Each structure stands twice: as structure tokens, then as C-alpha cells.
Amino acid sequence: MTRSSSTTPRSDPQATGPINAPYVVTMSASLNALLYMIGTDLPVNAGLNRPVRIVTKPGTICCVQLPGACVGGQTEYQPRVMEMIMGQVLGPLLPERAAASSGNTSLNFLFGGTDPRTGDYYAHYHFEATGWGGRMSTDGNNATMPPHANCRNTPVEIFELRWPWIHESYRLARDEVGAGRLRGGAGVVRVLEVAADTISVSALSDRANQEPWGLFGGSRRQPHQDRHQPGGKRRVRQLPAAPSGW
């Protein structure tokens with residue numbers, strides 16, 4: 001096997017917010033992308049890692065040092081490295097296995113409080129699904145977690161049974177896919193109404209400003225949006241994504 005080198009010497013300095021990645025996450029993303037591209041019949045062991053050399057610089061976004069925060073390195077940075085390798089680096093060499101960009105954010109949605117129905121405390125860490133990029137042989141997958149994730153869709157019934165939310169809508173965002181001979185996958189639209197006096201919410205997401213790119217002439221798709229409409233008001237507020245340098 002030819003030696004492969006993944007080099008990130010020009011990466012930005014580590015950010016103030018939790019979007020950085022430890023070295024092991026950068027390594028995992030690189031190896032994961034390589035496995036996607038060269039096939040699934042290879043044994044996943046130390047022999048696979050041996051020909052691969054990953055070069056990073058400590059103190060950067062791809063090799064964070066204390067006291068840098070890094071939870072978003074797993075959920076936001078890692079899939080971006082994977083898609084860069086799969087689509088832009090190895091895609092021209094192995095077009096039959098390459099894929100266009102996906103929604104590529106885990107849409108981390110954390111919430112908690114006291115359930116007014118029972119008086120019990122609750123907390124939940126939710127990932128929302130996005131669309132995967134189209135490939136040479138097929139359309140992109142609809143409503144799927146990022147390629148490196150292992151989480152399933154959370155049904156409406158679970159949301160409303162366990163936590164004080166009411167669904168106004170939960171559907172595929174079919175009008176926002178990237179067009180092409182083979183289209184990109186559709187993400188989802190989930191509209192929630194708060195069914196309690198207060199729910200504390202924290203969110204971490206990406207790809208709200210930069211559109212996912214197409215491949216081999218396919219078009220870009222719409223970026224994701226997080227919106228908030230206070231009770232009794234008509235105005236809907238667009239929530240910001242992770243800002244530059246955050």
C-alpha cells in the first residue's frame with residue numbers, strides 16, 4: 001500500500017469556543033474517510049494505520065491543547081475533514097466512490113428543565129439529521145446523521161412522551177436539496193412548540209452560512225437554519241451559527 005500523508009500545517013490557531021479537535025479526532029476523521037473511499041473489505045487494525053502519516057501543529061484547530069474546548073471537534077469538525085478528503089482530495093481519483101458535501105453538522109440541540117406533567121427533572125442531548133451528498137451512482141441519503149455518527153432519528157412520539165414539546169411539523173426539506181443528475185439528500189424541518197413555562201436550551205451547529213458544495217457539476221444546496229419565535233409574537237428570529245473565530 002502506498003504511504004498516504006494527511007497534512008494540516010496551515011490550520012487556524014485553536015478557537016476560543018468548543019469547535020476544536022484533539023489530534024486523535026483529526027486522525028480518526030482521516031482514517032474514516034480513507035476507509036470510505038478504498039472499500040469495506042479491509043480489516044480495521046493497526047496495519048491499516050501504518051502507511052498513513054497525519055501531520056498537525058499543536059495549538060491549532062486540528063490539534064487542540066489545554067485549555068481549549070473541543071466538544072464540537074467531534075460533531076462539527078470531524079465530518080468536515082472527512083468530506084474534504086472524500087470529495088475534494090480523493091474524489092477526482094476515485095469518482096465512483098466520491099460524494100458531494102452533506103449538511104455535515106450534528107445540529108447539537110441540548111435542553112432540560114422540570115416537566116410540568118410530572119415534576120421530574122429532565123435533560124437531553126439531541127442530534128438532528130441532515131441530507132447526504134449525491135454520488136455518481138445514486139441520490140444522496142435523506143435525513144441521516146453525519147457519516148461518522150451512530151445516532152438514529154428521534155421519533156415525534158418519543159419527543160412528546162418524554163419531554164414537554166409539541167410538534168407542529170416534522171418533515172423532509174425536499175425543496176432545499178442540491179440539484180443534479182443525481183440529487184443531494186433532503187434534510188429535515190422540525191418545528192417545536194414549548195409545552196412548559198421554561199425550557200433551558202443550548203445549541204451548537206455549523207454550515208448555516210456556507211452552502212454545502214456539489215460535485216461533478218452538481219449544484220449547491222441550502223444551508224441549515226435555526227429559528228426562534230417567542231410566544232405570542234409574529235417575528236421569527238434567525239439564530240446565529242458558530243461565528244468566525246468562535
Side-chain angles (χ1 to χ4, degrees), residues 1-15 17-106 108 127 129-138 140-141 144-152 184-185 204 206-207 210 212-216 242:
M1 182 176 181
T2 303
R3 176 172 290 274
S4 173
S5 177
S6 176
T7 308
T8 55
R10 298 182 182 178
S11 298
D12 287 339
Q14 64 188 51
I19 202 69
N20 307 289
Y23 172 80
V24 67
V25 170
T26 299
M27 178 178 69
S28 175
S30 302
L31 293 173
N32 204 334
L34 187 63
L35 278 172
Y36 266 93
M37 295 300 289
I38 64 179
T40 58
D41 56 346
L42 295 174
V44 182
N45 54 34
L48 176 69
N49 302 351
R50 223 170 275 133
V52 180
R53 186 169 68 100
I54 298 164
V55 181
T56 64
K57 182 179 179 181
T60 59
I61 192 172
C62 60
C63 188
V64 64
Q65 304 291 291
L66 288 174
C70 57
V71 63
Q74 296 272 17
T75 65
E76 311 304 303
Y77 167 89
Q78 185 169 356
R80 297 292 282 274
V81 171
M82 288 177 59
E83 76 169 10
M84 177 183 67
I85 294 173
M86 294 163 59
Q88 297 180 331
V89 177
L90 296 181
L93 303 177
L94 297 168
E96 71 281 1
R97 298 194 65 86
S101 176
S102 70
N104 228 344
T105 174
S106 297
N108 307 262
F127 289 158
T130 64
W132 282 16
R135 302 179 291 283
M136 184 172 285
S137 59
T138 183
N141 296 359
T144 312
M145 300 301 168
H148 74 299
N150 59 356
C151 302
R152 295 184 177 183
L204 171 61
D206 202 358
R207 202 143 243 176
Q210 295 184 348
W213 39 263
L215 203 61
F216 310 127

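Residues take their numbers from the sequence shown, with the count starting at 1. Because the structure is predicted, anything quoted here is derived from the model rather than measured. Values below: all heavy atoms of this structure, side chains included; hydrogens, waters and symmetry mates excluded.
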Residue list, ring-ring contact (aromatic ring centres under 6.0 Å, His included) with Phe127, at least two apart or on another chain
Tyr125

To the nearest 0.5 Å, how far apart are CD in Gln14 and CD1 in Ile61?
9.5 Å

Backbone N/O of Ala69 and side chain of Asn20: donor-acceptor pair under 3.5 Å
yes

Gln78 side-chain N/O to Ser28 backbone N/O, donor-acceptor pair under 3.5 Å
no

Residues that Ala33 engages under side chain to side chain contact (heavy atoms under 4.5 Å, CB included), provided they are two or more places apart
Met82, Ile85, Met86

Ignoring hydrogens, what is the shortest heavy-atom contact between Gly87 and Leu215? Give both atom names and the distance.
O-CD1, 3.6 Å

Please, which pairs that meet salt bridge (charged side-chain N to carboxylate O under 4.0 Å, His left out) have at least one residue in residues 59-80, sequence neighbours excluded?
Arg80-Glu83, Arg80-Asp206

Go through the structure and list residues passing side chain to side chain contact (heavy atoms under 4.5 Å, CB included) with Ala21, not counting sequence neighbours.
Val25, Thr26, Tyr77

Nearest heavy-atom neighbours spanning Ser11 and Cys62
OG-SG, 3.4 Å

Which atom names give the shortest non-hydrogen contact between Pro22 and Val64, and what distance separates them?
N-CG1, 3.6 Å

Going by side chain to side chain contact (heavy atoms under 4.5 Å, CB included), name the residues that satisfy it together with Thr144, two or more places apart in sequence or in a different chain.
Trp132, Asn141

In short, Val52 meets Ile54 closest at the heavy-atom pair CG1-CG1, 4.0 Å

Name all residues meeting the side chain to side chain contact (heavy atoms under 4.5 Å, CB included) criterion together with Pro13; count only those two or more places apart in sequence or in a different chain, and write none if there are none.
none

Heavy-atom check, side chain of Leu48 versus side chain of Leu35, under 4.5 Å
yes

When rounded to the nearest 0.5 angstrom, what distance separates CE in Met145 from OG1 in Thr105?
11.0 Å

Quick one: pull up CE in Met84 and OG in Ser101 and give me the separation to the nearest 0.5 Å.
12.0 Å

Can you give me the closest heavy-atom contact between Met136 and Glu96, atom names plus distance?
SD-CA, 4.0 Å

To check you understand the geometry: which heavy-atom pair defines the closest contact between Gly91 and Ala98, and what is its length?
CA-CB, 3.5 Å

